[in-house]
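Structure first, commentary second.
What you see below is based on every heavy atom in this structure, not just the backbone, and it leaves out hydrogens, waters and symmetry mates. What you see is a predicted model, and the numbers here were worked out from it, not measured in a lab. Starting from 1, each residue takes its place in the sequence as its number.
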Amino acid sequence: MQDLVLGIDVGATGMKGGLVDVENGEMVSERFKILTPRPATPAKMAAVIAEIVNHFNYTGIVGCGFPSIIKNNVAYSAANIDQSWIGTNVTETFSGITNCEMVVCNDADVAGMAEMRFGRGKNEKGLVMIITIGTGLGSALFIDGKLIPNTELGHLKFKDSIAEKYCAGSTRKKLDLSYEEWGARFNEYLIHIEHLFSPDLIILGGGTSKKFDLFSDRITIKALVEPAMMRNNAGIIGAAVLAKKQNKEALM
């Protein structure tokens with residue numbers, strides 16, 4: 001019997017959900033996506049969350065990856081969403097409009113959980129870092145499979161600004177860079193990351209990771225760098241798995 005949980009991945013560009021078999025990490029529905037509203041305020045984003053839940057006619061626990069530092073259900077940052085999120089209880093905001101129990105975590109962290117459980121990071125020991133490349137840069141850090149939450153390494157000070165302003169996927173598009181040109185920029189960021197953390201493995205996720213072959217020859221760091229296996233569904237799958245895990249722990 002399948003154990004299905006709704007996972008929702010909230011991004012700066014789109015908000016998407018799907019039903020996930022949390023035992024094997026497979027999506028069993030089509031992905032349903034709605035563009036992230038502008039401005040991305042709590043009220044407008046909560047309305048989209050409700051639309052996604054209603055689309056699946058779903059009433060159970062919901063997992064959600066959210067683009068913010070999340071501590072005790074509260075948003076502590078808002079780099080790519082409206083600043084009014086800071087200090088807002090994300091769980092209460094979304095559960096109030098959906099009447100569903102919500103489990104909310106940083107978006108890159110949940111994508112990383114999926115990759116570590118079902119993808120390239122499965123059974124990997126040592127220090128593993130997942131970097132998601134999209135509108136911004138997200139990060140998830142694991143030591144022997146254990147998550148160190150809310151690293152947000154895309155916001156490191158870098159090149160007179162922050163890293164994601166220099167080498168996110170949106171920067172490549174904005175500057176009309178080739179993948180090789182962008183790859184050289186991204187490699188500079190990886191050199192900085194390696195200097196700070198000395199990771200054993202870096203896994204690249206997000207939309208840009210699908211083009212890894214077009215920029216892999218620009219990567220020069222010592223750590224092994226490989227594309228993610230879970231691709232764009234990692235956030236949805238990881239959110240669903242997290243929700244199921246926390247629900248089980250609450251019942252114990």
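The closest side-chain donor-acceptor pair between Ser84 and Thr41, if any, does not fall under 3.5 angstrom. A donor-acceptor contact closer than 3.5 angstrom is absent between the side chains of Ser170 and Thr135.
Residues Ala75 and Val90 share a closest heavy-atom pair of CB-CG2, 3.8 Å. Annotation for Phe118 and Glu23: closest pair CE2-O, 3.8 Å, computed over non-hydrogen atoms. Summarising the geometry of Glu194 relative to Ala223, their closest heavy-atom pair is OE2-N, 2.8 Å, with the distance given to 0.1 Å. In this structure, Ser139 and Leu153 approach most closely via the heavy-atom pair OG-N, 2.8 Å. Here the closest heavy-atom approach between residue Ala40 and residue Trp85 is recorded as O-NE1, 3.1 Å. When all heavy atoms are compared, the tightest approach of Gly7 to Ala239 is CA-CB, 4.3 Å.
Ile202 CD1 to Phe197 CZ: the interatomic distance, rounded to the nearest 0.5 Å, is 10.0 Å. Rounded to the nearest 0.5 angstrom, Lys44 NZ and Ile49 CD1 are separated by 15.5 Å. Distance NZ/Lys165 to OG1/Thr171: 7.5 Å, rounded to 0.5 Å. In this structure, CD in Glu101 is found 15.5 Å from CZ in Phe94, a value given to the nearest 0.5 Å. Here the CG atom belonging to Leu147 is positioned 4.5 Å from the CE atom belonging to Met113, to the nearest 0.5 angstrom. With rounding to the nearest 0.5 angstrom, the OG1 atom of Thr98 is 13.5 Å from the CD atom of Glu51.
Inter-residue side-chain proximity for Met15 and Leu35 is flagged as unmet; no heavy-atom pair is nearer than 4.5 Å. Ile61 places none of its side-chain heavy atoms less than 4.5 Å from the side chain of Lys244. Counting heavy atoms from C-beta outward, Ile203 and Met129 have side chains that stay 4.5 Å or more apart. For the pair Val10 and Met45, the minimum side-chain heavy-atom distance is below 4.5 Å. You'll find the side chain of Lys16 reaches within 4.5 Å of the side chain of Ile236, heavy atoms only. Here the side chains of Asn106 and Glu152 are in contact, with some heavy-atom distance below 4.5 Å. Counting only heavy atoms from C-beta outward, the side chains of Phe142 and Ile130 approach each other to under 4.5 Å. Counting heavy atoms from C-beta outward, Val48 and Thr36 have side chains that stay 4.5 Å or more apart.
For the pair Asn54 (side chain) and Asn57 (backbone), a donor-acceptor distance under 3.5 Å is absent. Remark: side-chain polar atoms of Ser29 are not paired, donor with acceptor, to backbone N or O of Gly18 under 3.5 angstrom. A donor-acceptor pair under 3.5 Å is formed between the side chain of Glu164 and the backbone N or O of Leu137. One N or O on the side chain of Ser68 and one on the backbone of Ser77 form a donor-acceptor pair closer than 3.5 Å. The main-chain N or O of Thr220 is found under 3.5 Å from a side-chain atom of Asn187 such that the two form a donor-acceptor pair. Between the Asn73 side chain and the Asn89 main chain, no donor and acceptor come within less than 3.5 Å of each other. At distances below 3.5 Å, not a single donor-acceptor pair connects side-chain atoms of Ser95 with backbone N or O atoms of Met102. Although no hydrogens or angles enter the test, the distance criterion places a donor-acceptor pair under 3.5 Å between the side chain of Glu181 and the main chain of Ser178.
A salt bridge between Glu188 and Lys159 is present, with a side-chain N of the basic residue lying under 4.0 Å from a carboxylate O of the acidic one.
Ile131 and Leu127 fall within a single hydrophobic cluster, where Ile, Leu, Val, Met, Phe, Trp and Tyr are joined by side-chain heavy atoms under 4.5 Å apart, directly or via other members. Under a hydrophobic clustering in which Ile, Leu, Val, Met, Phe, Trp and Tyr are joined whenever their side-chain heavy atoms come within less than 4.5 Å, directly or via other members, Phe32 and Val5 fall into the same cluster. Under the 4.5 Å side-chain heavy-atom criterion for ILVMFWY residues, a single connected hydrophobic cluster contains both Val20 and Val28. Ile237 and Met229 are members of different hydrophobic clusters when ILVMFWY side chains are connected at heavy-atom separations under 4.5 Å. Under the 4.5 Å side-chain heavy-atom criterion for grouping Ile, Leu, Val, Met, Phe, Trp and Tyr, Leu224 is not connected to Leu196 through any hydrophobic cluster.
Using a 30° and 60° split on the angle between ring planes, Phe186 and Phe215 fall in the perpendicular class, above 60°.
Counting heavy-atom neighbours within 6.0 Å of Asp144 CG, excluding the residue itself, gives a total above 12.
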| query | Run the side-chain contact (heavy atoms from CB on, under 4.5 Å) check on Leu242 and Asp109 step by step: do they pass? | reply | CA-CA 10 Å; Leu242 173 70; Asp109 285 349; over 6 Å; no
| query | Is there a side-chain contact (heavy atoms from CB on, under 4.5 Å) between Tyr166 and Ser161 once you walk through the steps? | reply | CA-CA 8 Å; Tyr166 186 71; Ser161 182; over 6 Å; no
| request: Might you work through the side-chain contact (heavy atoms from CB on, under 4.5 Å) test for Ile86 and Tyr76, ending with a clear yes or no? | output: CA-CA 5 Å; Ile86 296 177; Tyr76 278 74; 5.9 Å; no
| Hey, mind stepping through Met116 and Lys122 against side-chain contact (heavy atoms from CB on, under 4.5 Å) and telling me if it holds? | CA-CA 5 Å; Met116 292 299 289; Lys122 186 176 181 179; over 6 Å; no
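For Trp182 and Tyr189, the ring centers sit 6.0 Å or farther from each other.
With sequence neighbours excluded, no residue forms a side chain to side chain donor-acceptor pair (under 3.5 Å) with Tyr58.
Of the listed residues (Thr93, Val110, Ile8, Ile70), just one forms a side-chain contact (heavy atoms from CB on, under 4.5 Å) with Val104, and that residue is Ile70.
Under the salt bridge (Lys or Arg N to Asp or Glu O under 4.0 Å) criterion, the residue pairs touching residues 209-227 are Arg120-Glu226, with sequence neighbours excluded.
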